[in-house]
Asks: 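This is the structure I want to talk about, given as C-alpha cells.
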Amino acid sequence: MLLQRLDYDSHWYQQSLALREQVLRLPLGRKLDAHDLAGEAQQWHLALVHDQNILACLVIKPEQRPLAKLRQMAVQPAMQGQGLGQRLVLAVEQWLISQGFDQIKLDARLTALGFYQRLGYESQGKPFEQVGIPHVLMNKRLVRDDAQPGLV
C-alpha cells in the first residue's frame, strides 16, 4: 500500500472523485457538485493505493502557511474500520510538515468526531450545519514523527 499524490484531473483523481461521491454524498442523497469541487485544481489530492485501486483518499487545501485544511476524506466502505483512515491522515500530516505546514484544520462530521479526537484533533466552537448535517471545526498542531511513512 502506497501513499500517493494524485495529479488533478488524472484517472487517479477521477477514481478519488468516485470514492468521495460514494462515501460522502450519495448516503445524503446528493452528488458532488461545483461547490464541492471549486478550486480543486489548486488543492492536493492524496490517497492510499493498492493494486491500482484507491483505498482511501483526502484533499488538502493549502491556506496561508503554516495552515492547511483537510477536506473530503473517504475510505472504501469494505475497508472501513481497518485503520486506513488513520494511516492516511498521519502520513499526510508528516508530508505537510515537510512542505512547511505545522497546523491543520478540518470540518468534521459529528459522527467522525471521535476518530479525529483519537488522532489529536481538538474541537473549536459550536457545531454547525454543512451539506445538511452537523459538523464541528477541529484543528491540530503538527509534530514531526520520523516513524510515519512518506509520500510516494
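Since the structure is predicted, the reported quantities are computational estimates derived from the model, not experimental observations.
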Asks: Mind checking side-chain contact (heavy atoms from CB on, under 4.5 Å) for Arg118 and listing every partner two or more places apart, or none if nothing turns up?
Replies: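 Here the qualifying residues are Phe115.
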Asks: Can you see which heavy atom on Ala108 is nearest to which on Met138, and at what distance?
Replies: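 Between these two residues, the closest heavy atoms are CB-SD, 3.6 Å.
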Asks: Quick one: list whatever passes side-chain contact (heavy atoms from CB on, under 4.5 Å) with Ala74, sequence neighbours left out.
Replies: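 side-chain contact (heavy atoms from CB on, under 4.5 Å) check on Ala74 returns Leu19, Arg20, Val23, Leu24, Cys57.
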Asks: Does the Gln15 side chain pair with the main chain of Ile54, one donor and one acceptor, at a distance under 3.5 Å?
Replies: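 The answer is yes, because a donor-acceptor pair under 3.5 Å joins these two groups.
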Asks: What residue pairs, at least two apart or across chains, pass side-chain hydrogen bond (donor to acceptor under 3.5 Å, both in side chains) with a residue in residues 133-144?
Replies: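 Output for this query lists Glu93-Lys140, Asp102-Arg141.
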Asks: Can you name the residues that form a side-chain contact (heavy atoms from CB on, under 4.5 Å) with Asp33, not counting sequence neighbours?
Replies: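 For Asp33 the side-chain contact (heavy atoms from CB on, under 4.5 Å) partners, ignoring immediate neighbours, are His35, Asp36.
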Asks: Apart from Tyr13 itself, which Ile, Leu, Val, Met, Phe, Trp or Tyr residues share its cluster (side-chain heavy atoms under 4.5 Å, direct or through members)?
Replies: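 Cluster partners of Tyr13: Tyr8, Leu17, Leu32, Leu37.
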Asks: Which residues pass the side-chain hydrogen bond (donor to acceptor under 3.5 Å, both in side chains) test with Gln124, sequence neighbours left out?
Replies: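 Partners of Gln124 under the side-chain hydrogen bond (donor to acceptor under 3.5 Å, both in side chains) test: none.
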Asks: Among residues two or more places apart or on two chains, list those pairs meeting salt bridge (charged side-chain N to carboxylate O under 4.0 Å, His left out) that have a residue in residues 69-81.
Replies: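 Residue pairs passing salt bridge (charged side-chain N to carboxylate O under 4.0 Å, His left out), neighbours aside: Glu40-Arg71, Lys69-Asp107.
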Asks: Does anything in residues 49-68 pair up under salt bridge (charged side-chain N to carboxylate O under 4.0 Å, His left out), and if so which pairs, sequence neighbours excluded?
Replies: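 Of all non-adjacent pairs touching residues 49-68, those that pass salt bridge (charged side-chain N to carboxylate O under 4.0 Å, His left out) are Glu63-Lys105.
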Asks: Among residues two or more places apart or on two chains, list those pairs meeting side-chain hydrogen bond (donor to acceptor under 3.5 Å, both in side chains) that have a residue in residues 108-117.
Replies: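 Those involving residues 108-117 do not exist here.
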Asks: Under the rule for ring-ring contact (aromatic ring centres under 6.0 Å, His included), what residues qualify as partners of Trp12, not counting sequence neighbours?
Replies: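 If we apply the ring-ring contact (aromatic ring centres under 6.0 Å, His included) test to Trp12, skipping adjacent residues, there are no hits.
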Asks: Using every non-hydrogen atom in the two residues, find where Val75 and Gln80 come nearest and quote the distance to one decimal.
Replies: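 Answer, listing the atom of Val75 first, then Gln80: O-NE2, 2.9 Å.
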Asks: Is there a donor in the side chain of Gln14 and an acceptor in the side chain of Asp9, or the other way round, less than 3.5 Å apart?
Replies: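 Yes, because at least one side-chain N or O of Gln14 sits under 3.5 Å from a partner of the opposite role on Asp9.
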Asks: What's in the same ILVMFWY side-chain cluster as Val131, cut-off under 4.5 Å, chained through other members?
Replies: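 Its cluster mates, by chain and number, are Leu28, Ile133.
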Asks: Leu26: what forms a side-chain contact (heavy atoms from CB on, under 4.5 Å) with it, not counting sequence neighbours?
Replies: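 For Leu26, the residues satisfying side-chain contact (heavy atoms from CB on, under 4.5 Å) (neighbours in sequence not counted) are Glu21, Lys31.
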